[in-house]
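Have a look at the structure below, then the notes.
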Amino acid sequence: MAKVGQSGPSVAPEHHAEADRPSPSPPSDHGGTTVDGLHDDLWDLVESAPDALLVIGAGGCIALANREAERMFGHDRADLLGLPVEALLPERYRAAHSAHRGRFGRQPSRRPMGVGLDLWALRSDGTEFPVEVSLSPSSRHDENGRTIVAVREATTEADTEAKLRESQIRFRGAFDNGPVPTAIVDLTPPLDRTILEVNQAMADLLGYTTSEMIGMSFIELTHPDDRPADDEAVGLMIGGATDRYSPVKRYLRSDGSVVWVQLHAAPLTRRDGSVLGIAHAIDITERVRAEAASQRHEALNLAVSEIRLAMLRGASEEEGLALIARLSAECLGAEGTLILTRPSQGERPAVAASYHIAEAAGSRLVFTDDGGVVGEVFRSGEAQVCGPDDPRFTDINRVVVDQYPVESIVVAPMHDGNETVGIIIMVRTSGSDRLDTSDLEAIERFASEAVVAIELARVAEARQRLELLEDRERVGRDIHDKVISRLFATGMSLQAMATLLENGEQERALGAVAEIDSAIQEIRATIYGLRSQLDWGRGVRGEVLGLVAGQRAALGFEPTVDLQGDLDGVASEVVTELLATLREALTNTAKHARATNVAVAVSATDDLVELTVADNGVGFDVRPDGRSSRGALTNHGVANMLARAEQLGGRATVSSSPAGGTTIRWETPRAPTPVSS
């Protein structure tokens, strides 16, 4: 226990007599009474009394104290004995009490002390508490007599009201001046969520004054998307089904902007059964924005990767821009996107791609590179955020914008190095979060990286085309200088020999000469195609695609091609014969089948290579000996295909019917296993 001297000033009892300092527990003499004349039974009653009992000597010092006095005042009994009674009073009462005690000593009587006054006592820890005090002189009272004091803690109505007032003052101070935004709301319909009390922190958070907010409904301050969850939670609190509601939600500030909060709300039921709600809101807008920015950054990185992959797979510039328009809208939460390309001299910016922009609106918009918001972004190279009422809109575009529920628009440059090569326009409609300056950096970075991806694909494509053109020039020269010359010489020899043959044999030789002439014409057409067709890439796949594309003029259409497996790992001898077989199959189809569709499939497994050429032409009857009903030339072509496969250790089959088209299947090992003649 703390000593009295620690709780406040005390009066030093220099004049105390030893008689005023009895022992804490009076000892008994042989007659069964204490030395102070108290019987043991009487002392037990004093110790058991519910009130604090003190015996005060004539000098004003405590001569006796019971157990309750120890508890009430917080002192050990040994410290109480001999202590001036004024030490148990607040300092402001001590002087007056000393005078009252003197008057009582001159006219002692049994009575309550301080009738009509609030009496306060002091505990050892310095706290004050209200008391009721009764005084009675002892039966041995004389000039050195003693006074019995009974002390009881007061529980009067005045004390209760005082405590209530003190509590209200503390609450009001904590409520009004507290740093946490707080409001008290009436949850009982028809005054549904009407604000009854609001502190300054809450008013500052939402951009109002406290007087403006009192009487408002929290429904109108809540973001529309969050109202259904609030309605459900309020219903549960009114019905007693829950005693708390702690969502992450959005409030609308007085300027229309959105603030994210972590809300903590609880119901308070009044005596009349109506329900109040007390709500604390912690502003987490910055945390939500940081999390959103992180997610947006990740999404944009994935989007740029998707654009790069699409361009490397051969997407056109138009397809790349359309992909940018879609992905930017999806990643950045825009309802619509337009992409404008930088105009040539004397022209206006043109819409190169759009996403979710109504055609009726897009066709009516007019942009220039020297006026309005678009012109400003082209000139400055810096993104701009504007609302639907931005004065920089041209009159023509304002008419269009006013017809749609536009909330905000971002106009951002698409940079290729230091040059602005285009503009991306993103629109959010009413009810969405407003695009603001925090979105600009992400939008600009995404747009520029996407444009770089398209430009890199352009460069790669140009390089591949240059390499292919060089290869084609070389192939064309080789074919023209070597193959055509040899075919021409062979044709001349056959034509000379034909004059020495009989009529039937002569006719066959001259037919062969005609076929050679036709082949020379096709080869020359192929050489021209090699110098003009699109880039088909390098390797076996490129050779197959180039060969098929070269037959487009003869067929009247371009066949479909399906390539599977590791074709570049196939032995070169096999590739040579496969390409020759494919060329012969397509040539025969062009000459005889009258087909409207041809499907070419080439596949390679660990062991085999397979070529399939299927058309939907007129077909022919295949005889048991493998010969066809089309004639000698067709028979010769089929025989060549079969022979090529057999020479490599493979096989070939031809299935055809006059009404079902023709299918050629040619299969060999990946590595040749020649078969002797």
Side-chain angles (χ1 to χ4, degrees), residues 507-508 511-512 514-519 521-523 525-526 540 543-565 567 570 574-605 607-670 672 675 677:
E507 182 179 352
R508 291 180 59 189
E515 284 293 322
I516 291 174
D517 290 342
S518 177
Q521 292 178 357
E522 291 179 7
I523 290 172
T526 301
V540 176
E543 293 186 70
V544 171
L545 291 171
L547 190 154
V548 172
Q551 297 295 322
R552 179 175 183 177
L555 290 166
F557 59 87
E558 189 165 327
T560 61
V561 182
D562 181 20
L563 304 176
Q564 302 288 335
L567 299 180
V570 177
V574 175
V575 172
T576 299
E577 297 302 326
L578 182 147
L579 293 174
T581 301
L582 174 59
R583 183 180 295 106
E584 191 150 15
L586 294 176
T587 299
N588 282 342
T589 300
K591 289 182 177 179
H592 307 293
R594 299 197 295 276
T596 59
N597 180 60
V598 176
V600 176
V602 182
S603 63
T605 64
D607 301 319
L608 297 175
V609 178
E610 182 176 358
L611 165 68
T612 302
V613 182
D615 67 58
N616 64 347
V618 296
F620 54 88
D621 290 325
V622 180
R623 297 173 182 172
D625 60 0
R627 299 171 66 82
S628 76
S629 60
R630 279 186 180 165
L633 291 176
T634 304
N635 291 335
H636 181 71
V638 171
N640 283 342
M641 298 177 199
L642 298 175
R644 289 190 181 98
E646 291 172 356
Q647 288 296 322
L648 296 171
R651 62 190 181 91
T653 60
V654 180
S655 59
S656 183
S657 66
T662 302
T663 300
I664 298 171
R665 289 184 173 84
W666 189 89
E667 180 184 283
T668 70
R670 286 175 62 96
V675 178
S677 301

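The first residue in the sequence is number 1, and the count goes up from there.
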Checklist line | Residues that Thr612 engages under side-chain hydrogen bond (donor to acceptor under 3.5 Å, both in side chains), provided they are two or more places apart | finding: none
Next item on the list: Find out whether Glu577 and Gln647 are in side-chain contact, i.e. whether some heavy atom of one side chain is under 4.5 Å from a heavy atom of the other.
Entry: no
Next item on the list: Using a 4.5 Å cut-off on heavy atoms from C-beta on, say whether the side chain of Asn588 contacts that of Met641.
Entry: yes
For residues 597-605, which side-chain N or O atoms pair as donor and acceptor with protein atoms under 3.5 Å away, sequence neighbours left out?
residue, atom, partner, partner atom, Å
Thr605, OG1, Asp607, N, 3.4
Thr605, OG1, Leu608, N, 3.1
Thr605, OG1, Leu608, O, 3.4

Item checked: Residues in side chain to side chain contact (heavy atoms under 4.5 Å, CB included) contact with Arg583, at least two apart in sequence or another chain -> Leu547, Gln551, Thr587
Next item on the list: Can you measure from CG (Leu579) to CD (Glu584) and round to the nearest 0.5 angstrom?
Entry: 13.0 Å
Check: Glu667: what forms a side-chain hydrogen bond (donor to acceptor under 3.5 Å, both in side chains) with it, not counting sequence neighbours?
Finding: none
Next item on the list: Kindly write out the residues that satisfy side chain to side chain contact (heavy atoms under 4.5 Å, CB included) with Ala645, not counting sequence neighbours, or none if the list is empty.
Entry: Ala652, Trp666, Thr668
Checklist line | Heavy-atom closest pair, residues Leu648 and Val574 | finding: CD1-CA, 4.1 Å
Next item on the list: Only counting residues at least two apart or in another chain, list the ones meeting side chain to side chain contact (heavy atoms under 4.5 Å, CB included) with Thr653.
Entry: Arg651, Arg665
Next item on the list: Provide the closest heavy-atom pair for Leu582 versus Val613 in the form atom of the first, atom of the second, distance.
Entry: CD1-CG2, 3.8 Å
Checklist line | Gap separating the CG atom of Leu642 from the CD1 atom of Ile664, nearest 0.5 angstrom | finding: 9.0 Å
Margin query: Contact between Leu545 and Val561 at the side-chain level, heavy atoms closer than 4.5 Å - yes or no?
Written below: yes
